[in-house]
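Letters A, B, ... mirror the listed sequences (proteins, then strands); counts begin at 1.
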There are 2 protein chains.
Amino acid sequence: MALRHAVLAALLDGEYSGYQLAKVFDIGVANFWHALPQQLYLELAKLEKEGMVAGRQVIQETRPNKRLFKVTAEGLAELTRWAASAAKPSFIRDDLMVKVQAADRIPAGPVLEQLDERVRVADAKIEVLAKLLARLRGELDEDAFLREGEHVGPYLTCLRGLRFEREHRDWCVLAASVLRAREVACTPAT
Amino acid sequence: MALRHAVLAALLDGEYSGYQLAKVFDIGVANFWHALPQQLYLELAKLEKEGMVAGRQVIQETRPNKRLFKVTAEGLAELTRWAASAAKPSFIRDDLMVKVQAADRIPAGPVLEQLDERVRVADAKIEVLAKLLARLRGELDEDAFLREGEHVGPYLTCLRGLRFEREHRDWCVLAASVLRAREVACTPAT
DNA sequence: TCAGATTAGTCAACAATCTGACTATAGTCA
DNA sequence: TGACTATAGTCAGATTGTTGACTAATCTGA
């Protein structure tokens, strides 16, 4: 039950509507906690009922109205309490790695295509994250920001996301080249 | 519904009982697909009912009896079919990253302790994975194994696991040192 | 002007996962 | 002898997460 805490942590950045939160989640928080918009709306509703977040209606003329949420003192207390309790070990789920695990027993072709596609997706993600980090840093260089910048938390987690994507990308390139070389070695007639 | 495929991929290695599979999962497959023993037993039962795996009873005298499972032709076909369908994007869940995200708004002390603990856990995991890779490699060096070795799939996925752990470790060290430096800078009286 | 995208959000049904307790037998160590 | 660990596996119940459809307004481009 840590989605609630991921939501609270994301809302520390400022006031967001459910819709905006979904966007923010997708580029930032999704690096360590993936969630669908539906989950977020539901979780925000629960958190509001429990007094962890406070919502306020914003009437808009050119857009549908929305409700902005911010973390209450109680929400911050809950986050603090939770942060002090033991963390569960991290875990990854990755279909593609399952496929690579089996790649020397099943046709490698489709897996190779998916590895290539992943490289493209990772490259795009790397670009987005690099830009986001530059924006968070502002005028400062990385060392200075880590020493003195505001909101170093989101910066650190995005940095982890960036490094993860780079590693992931490099591994996909390696795996694809290894499997490709072996495919050629096995079926020289193709 | 990819746990079934992770189980099939793991069983390609050889015949395992549910209990053994749980062990194998924990060190190898858990790098990209985490599952509890209960899930595995359940999934094996389902897969057997559908003819994807075949179980055979092994009577033991010094241990409780067990059932060993292997992938059937039908199971391999299902795995092949699935491997050719589109992979979902990978996702991570990590409590500790959520805590770091919030670390500049809540007391950082407990988070720092957990980061240190993570470094220890990651170091242990790195050692286990390095040994596992050396065992899989046998006499060959890495390049040679990737070119000619048998079962390159599990090798590649373990390699990804090792790299992930190293990155994770390094990031935890960085995050802890950044947060620690800032804590000292903020509260010089402590 | 009409289709499609964007903003903003909701709901129900279903599938997957986790928690925690449970049964057994055999081996080890003090 | 009694406690603890390892092997081997099962079950029910609760929580979480996913799928897919739905409402409704406005804005954008062909």
Side-chain angles (χ1 to χ4, degrees), chain A residues 1-7 15-27 29-30 32-50 53 55-69 82 85-95 98, chain B residues 1-7 15-27 29-30 32-50 53 55-69 82 85-95 98:
Chain A
M1 215 204 344
L3 173 59
R4 59 194 308 98
H5 302 112
V7 169
E15 262 186 330
Y16 292 110
S17 67
Y19 190 80
Q20 290 172 303
L21 183 64
K23 302 264 165 181
V24 168
F25 239 73
D26 212 38
I27 59 163
V29 181
F32 52 90
W33 204 279
H34 152 86
L36 297 167
Q38 292 97 316
Q39 284 175 271
L40 299 178
Y41 282 116
L42 211 66
E43 202 60 46
L44 280 171
K46 282 193 218 161
L47 285 168
E48 192 183 19
K49 215 171 69 185
E50 296 170 41
V53 303
R56 66 183 177 90
Q57 183 85 7
V58 173
I59 311 293
Q60 295 185 118
E61 297 194 352
T62 64
R63 296 278 171 204
N65 297 338
K66 62 183 173 182
R67 305 198 63 221
L68 293 184
F69 296 92
W82 172 77
S85 72
K88 294 184 187 168
S90 73
F91 81 87
I92 311 184
R93 291 246 156 116
D94 193 339
D95 277 12
V98 176
Chain B
M1 214 202 349
L3 173 58
R4 62 196 304 100
H5 303 110
V7 168
E15 261 185 330
Y16 292 110
S17 66
Y19 190 80
Q20 289 171 305
L21 183 63
K23 304 264 164 182
V24 168
F25 239 73
D26 212 37
I27 59 163
V29 183
F32 52 90
W33 203 279
H34 152 86
L36 297 167
Q38 292 97 314
Q39 284 174 271
L40 299 178
Y41 282 115
L42 210 65
E43 202 60 47
L44 280 172
K46 281 193 219 161
L47 284 167
E48 193 182 19
K49 216 171 67 186
E50 296 169 41
V53 304
R56 67 183 176 89
Q57 183 83 9
V58 173
I59 310 293
Q60 295 185 119
E61 295 193 353
T62 63
R63 297 276 169 204
N65 297 337
K66 62 182 172 182
R67 307 198 63 222
L68 294 183
F69 296 92
W82 171 78
S85 72
K88 294 183 187 170
S90 72
F91 80 88
I92 312 184
R93 292 249 154 115
D94 193 338
D95 277 12
V98 177

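- Atom NZ of A/K46 is separated from atom CD of A/Q39 by 9.5 Å, given to the nearest 0.5 angstrom.
- The distance from the CD atom of B/Q57 to the CG atom of B/L68 is 9.5 Å, given to the nearest 0.5 Å.
- The phosphate of C/dT17 (OP1 or OP2) has a side-chain N or O of A/R93 nearer than 4.0 angstrom.
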Expected rows: protein N/O vs nucleotides 1-3 of chain C N/O, under 3.5 Å:
none

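- A residue-by-residue look at B/F91 and B/S17 shows that B/S17 has its nearest nucleotide of DNA chain D further toward the 5' end.
- One finds a side-chain N or O of A/Y19 lying less than 4.0 angstrom from the OP1 or OP2 phosphate oxygen of C/dT7.
- When all heavy atoms of A/A35 and A/F25 are compared, the closest pair comes out as CB-CE2, 3.9 Å.
- C/dT6 atom P lies 13 Å from atom CG of A/D26, rounded to whole Å.
- Using cut-offs of 30° and 60° for the angle between ring planes, the B/H5 and B/W82 rings count as parallel.
- Residues that satisfy the side chain to side chain donor-acceptor pair (under 3.5 Å) test with B/Q38, not counting sequence neighbours, are absent from this structure.
- Within the structure, a side-chain polar atom (N or O) of A/K23 is placed less than 4.0 Å from OP1 or OP2 of C/dT7.
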Heteroatom pairs (N/O) under 3.5 angstrom, protein to nucleotides 21-28 of chain C:
from	atom 1	to	atom 2	distance (Å)
C/dA26	O3'	B/T62	O	2.9

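- Listed nucleotides: C/dG9, D/dT18, C/dT19. Nearest to the side chain of B/L36: C/dT19.
- Taking every heavy atom of both residues into account, B/Y16 and B/L21 meet most closely at CB-N, 4.1 Å.
- If you measure from atom CG of A/N65 to atom P of D/dA25, you get 11 Å, rounded to the nearest angstrom.
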Stepwise side chain to side chain contact (heavy atoms under 4.5 Å, CB included) check, B/L40 with B/Y19 = CA-CA 9 Å; B/L40 299 178; B/Y19 190 80; over 6 Å; no

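- Rounded to a whole Å, the OH atom of A/Y16 is 15 Å from the P atom of C/dT7.
- When rounded to the nearest whole Å, the span between CG of B/L3 and P of D/dT18 equals 15 Å.
- A search for side chain to side chain donor-acceptor pair (under 3.5 Å) contacts involving B/R4 returns B/E43, B/E50, not counting sequence neighbours.
- Distance check, rounded to the nearest 0.5 Å: NZ of B/K88 to CG of A/D94 gives 12.0 Å.
- Of all non-hydrogen atoms in A/N65 and A/Q60, the two that sit nearest each other are OD1-N, 2.8 Å.
- When each of B/K88 and B/L68 is assigned the nucleotide of DNA chain D with its nearest heavy atom, B/L68 is the one assigned upstream, toward the 5' end.
- Scanning for side chain to side chain donor-acceptor pair (under 3.5 Å) contacts around A/S17 gives A/Q20, with sequence neighbours left out.
- Near DNA chain C, meaning a heavy atom under 4.0 Å away, the residues from residues 39-47 of chain A are A/Y41.
- Figure legend. D/dT7 is base-paired to C/dA24; pairs are counted as Watson-Crick or G-U wobble with both atom distances under 3.5 Å.
- At the heavy-atom level, A/R4 lies nowhere under 4.0 Å from the strands shown.
- Listed here is the closest heavy atom pair of B/G55 and B/F69: CA-CD2, 3.6 Å.
- Distance A/E48 CD to C/dG9 P: 11 Å, rounded to the nearest Å.
- Put simply, A/H34 has no side-chain N or O that comes within less than 4.0 Å of OP1 or OP2 on D/dG17.
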